[in-house]
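In this chain, residues are counted from 1 in sequence order. Small disclaimer: the values here were computed from a predicted structure and weren't measured.
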Amino acid sequence: MNIAYLGLGKMGRNMVERMQEKGHLVLAYDPNKESVERARAVGIKAVDSLPELFPPSRTPRTVWIMVPHTAVDQVLDKIIPLLSPKDTIIDGGNSPYKETIRRAKKLGRKGIRMLDVGVSGGPAGARRGACLMVGGDPEVFDHYETLFQDLAVKQGSLYVGLQGAGHFTKMVHNGIEYGMMQAIAEGFDVLRNAPYEIPLTEVARLYDHGSVIESKLMGWLVSGFDAYGEDLAGITGSAAASGEGLWTVEAAQELEVPVKVIEHALKAREKAKGNRVFKDKSCRSCAISLADTRLHPNMLTIHTSPTPLEDAVYALNTALRDAAGKDVLLLLSGGSALALAAHLDPSLLSSHVTISMLDERYTTDPASSNFAQFAALSIYHTVHARGVQYLDTRPQPVESLDDTERRLDLAFKHWHITHHDGMVIATMGIGDDGHLAGILPFPEDAELFASLFLAEHRCIRGYQTTPNKNPHPKRLTTTLSYLKKHVAHAIVYAVGGAKRTALLALSGTAPIEHVPVRILGTLSHVQIYTDLTLTPPSNIHAHE
C-alpha cells in the first residue's frame, strides 16, 4: 500500500520502519529537518516539503498523520488543499473524540475520508507491534484492515465504531491506566507500612509472574524499584496528568456514568504535585520506566555521548516540534544555552514562540548582557523575520536592579495571563560549583536563599552574588518556584570535566552548596546531555 506519512518523531519513525518491513511503500515528511535526516538514516524515504509528499501519481492517497492533538487542525489546513476526493486521512494521535468527529465532518464535506486510530504501546510498540483501536466508516476500515493488522501485535487491532470511536476508546484506555496505577501505588503504600519487613521489590516481581495483577504496569514498578530503590530516592512525589484521564472523567459526566476510581486517580495526581507521600511516589515509579518509550513528566535523565551538543539540539528541536500549535515561552540561560540556540531549527519558530533569558547579568553595558549575546546570533535575525516575539531582559541604562526585576517580573506574569494555555521550555546551565542557570547557593544564609529563589509570588528576582566571584556580581534570574511550577521541558547541555562534580551532586548526598543543581530532579522533564562518563547515583536514569 502507498502511504504518505506526516510526523517523524519517535512514534512516527518507528511506525514507518514497521510499515516498510511489512512491504508498504511509504513517503514521509516532517517539518523538523533533523527528524527527516534521522529517518533517512534508518532507510526511510523522506521528502523536504509537503507538496512533495503528494505526487500526482499516488492517487487515491492514504495519508497517516502522527502529530500532537494540538497540531492536527494546523496540519489539516496545510494538506487539505493538496488532497482530492476519495483520499483518506488516518489520524494516529490522541485527540479529544469530539474534535475528531468535527474534523471527520469537515473532511467529509470535501469528499475526503477519515479514520481515527488510538495507538497504545509507545515507540516500542510502534516498532514491534502496537495495540490499535480504529474508528470511522466501516467500509473504509475494511479497505485498511490489513494495514492495521501489519502494525499491530497479534490480535491487537480492532474496529470499534464510527468517527471518533477509536480516539474515544484510547481515551478510556488511558483513564483506566490512571486507575490501575493509583491502585498499585496505594497497595504498595499499605505493604510499606505493614508490621513486617516485606521486600517490596521482590513482591512486585512476584506479582508480575503469574498473578492476576501481572501487567506492564507492575513490570514498570519492578524497574522503578530496581533503579531507584524501595524508598524511591530522588523521585518527586508527583505524577502528572497527560490529558486523557481528564477527558475520560468529563465524558463520563456527560454520559452520567460514575467513574469514581478514575476520578480519584486524577484528583490524586493533581494533589500529588509537590508531595512526597509514598503512594504518590509508587504511582510515579510506574511511570518512571517509560523514559525509554515516551517522554513522561518528572523524569531526570542523563545522556552521555560523544556528541552532546548535537543530541541536545535535537532534543530541543523535538520539544519545540511537539509543542506545535501551542504558545511557547522559550527560556535561554546563556552560555551553553546560546550554543543550543545557535542551532535551532528556524522552521519551528514563528509568532507562537516568545524567547527570553532565564538568567541575565545586570550591567550598564548592554552589549555584555546575555540577551545581547543571543541577539548577536544569526538565528536571531532569521526568526525575528518569522514573527518570533521577545521578552527583552537587557537592563535599561536608567534602571536600578530593583527596577529591572519588577519590569521583568511583570512581563513574565503578563505572558502567562495572555497565554494561559501556553507552555514553557527552558535550556539550563549547570555551573562548576553547582549553581543552576545563575541561581547560586547561599550555604551560609538559608533564609536569604529561600527568600530570593523560593518566593511563590515571584517570577524573576535580582540578587548580589559573592564578591569577586563573577565579573557581573548583580544578577537577574528566574526563581526556583517559577521553574518548578511552569517549566514543562528542560534541556541541559553540560560539557567539560569541571561539570562532573555538579552532575554527581544530583545524588542528594552532596554538600549544601550543591542544592541548586539538585533542583533539576524536581522539575517536570529534564534531559541532561554531557560528554562525561559518569557512574550515576541510584536516583538518576542514565543513558550511554
Side-chain angles (χ1 to χ4, degrees), residues 236 238 240 295-303 308-309 311-323 326-345 348-349 352-361 370-371 373-374 377 379 383 388-393 408-409 411-413 415-416 419 422-431 435-440 453-454 458-461 475-494 502-503 506 516-530:
T236 64
S238 175
L295 295 182
H296 199 284
N298 301 100
M299 183 64 204
L300 171 63
T301 307
I302 295 181
H303 301 266
L309 177 59
D311 295 340
V313 168
Y314 175 75
L316 180 55
N317 283 329
T318 298
L320 289 168
R321 187 196 65 231
D322 290 344
K326 281 190 173 184
D327 293 317
V328 173
L329 176 58
L330 175 60
L331 295 178
L332 308 172
S333 64
S336 59
L338 296 178
L340 302 185
H343 295 87
L344 285 170
D345 182 349
L348 302 174
L349 302 172
H352 74 288
V353 176
T354 301
I355 298 178
S356 191
M357 301 305 300
L358 188 132
D359 174 55
E360 183 60 274
R361 300 165 175 171
N370 285 333
F371 193 92
Q373 293 183 49
F374 166 65
L377 298 175
I379 189 159
V383 300
V388 165
Q389 307 296 307
Y390 302 102
L391 295 181
D392 193 335
T393 57
L408 296 180
D409 194 71
F412 272 57
K413 289 176 179 176
W415 187 90
H416 284 285
H419 303 82
M423 68 180 298
V424 181
I425 298 173
T427 63
M428 308 178 75
I430 296 178
H435 76 259
L436 168 67
I439 298 172
L440 298 177
F453 305 128
L454 301 179
R458 301 305 301 231
C459 303
I460 295 286
R461 290 307 301 254
R475 312 283 290 189
L476 291 137
T477 198
T478 309
T479 65
L480 294 181
S481 295
Y482 178 92
L483 297 176
K484 291 166 68 175
K485 181 178 180 182
H486 293 289
V487 172
H489 199 118
I491 308 294
V492 181
Y493 167 56
L503 288 173
L506 291 169
V517 75
R518 299 207 299 271
I519 296 296
L520 283 171
T522 71
L523 301 185
S524 294
H525 183 85
V526 182
Q527 298 284 321
I528 300 176
Y529 295 87
T530 181

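With sequence neighbours excluded, the residues satisfying side chain to side chain contact (heavy atoms under 4.5 Å, CB included) with Ala319 are Ile425, His489. Contacts of His419 classified as ring pair (Phe, Tyr, Trp, His ring centres under 6.0 Å), with partners at least two apart in sequence or in another chain: Trp415. Residues passing the ring pair (Phe, Tyr, Trp, His ring centres under 6.0 Å) test with Phe412, sequence neighbours excluded: Tyr482.
Tyr390 places a side-chain heavy atom less than 4.5 Å from the side chain of Phe374. Between Arg475 and Glu360, every side-chain heavy-atom pair lies at or beyond the 4.5 Å cut-off. Residues Leu330 and Leu344 have side chains in contact (heavy-atom distance under 4.5 Å, counting atoms from C-beta outward). The closest side-chain heavy-atom distance from Arg458 to Thr479 is below 4.5 Å. Taking the side chain as every heavy atom from C-beta outward, Leu483 and Leu358 approach each other to under 4.5 Å.
Annotation: His352, atom NE2; neighbour count of heavy atoms from other residues, nucleotides and ligands within 6.0 Å is above 12. Counting non-hydrogen atoms of other residues, nucleotides and ligands closer than 6.0 Å to NZ of Lys413 gives a total above 12.
Here the closest non-hydrogen pair linking Ile528 and Leu300 is CD1-CD1, 3.7 Å. The nearest pair of heavy atoms linking Leu329 to Ser356 is CD1-CB, 4.5 Å. Across Phe371 and Asp392, no two heavy atoms sit closer than the pair CD2-OD1, 3.3 Å. For the residue pair Ile491 and Ala315, the shortest heavy atom distance occurs at CD1-CB, 3.8 Å. Contact record, Ala341 with Ile379: O-CG2, 3.4 Å, taken as the closest heavy-atom pair. Between Leu523 and Met428 the shortest heavy-atom distance is CD1-SD, 3.8 Å.
Between the SG atom of Cys459 and the CG atom of Asp409 there is a distance of 4.5 Å, given to the nearest 0.5 Å. From Ile460, atom CD1 reaches atom CE of Met357 across 10.5 Å, with rounding to the nearest 0.5 Å. Rounded to the nearest 0.5 Å, atoms CG (Leu332) and CD (Gln373) are 11.5 Å apart. Rounded to the nearest 0.5 Å, atoms CG (Leu408) and CG (Leu476) are 6.0 Å apart.
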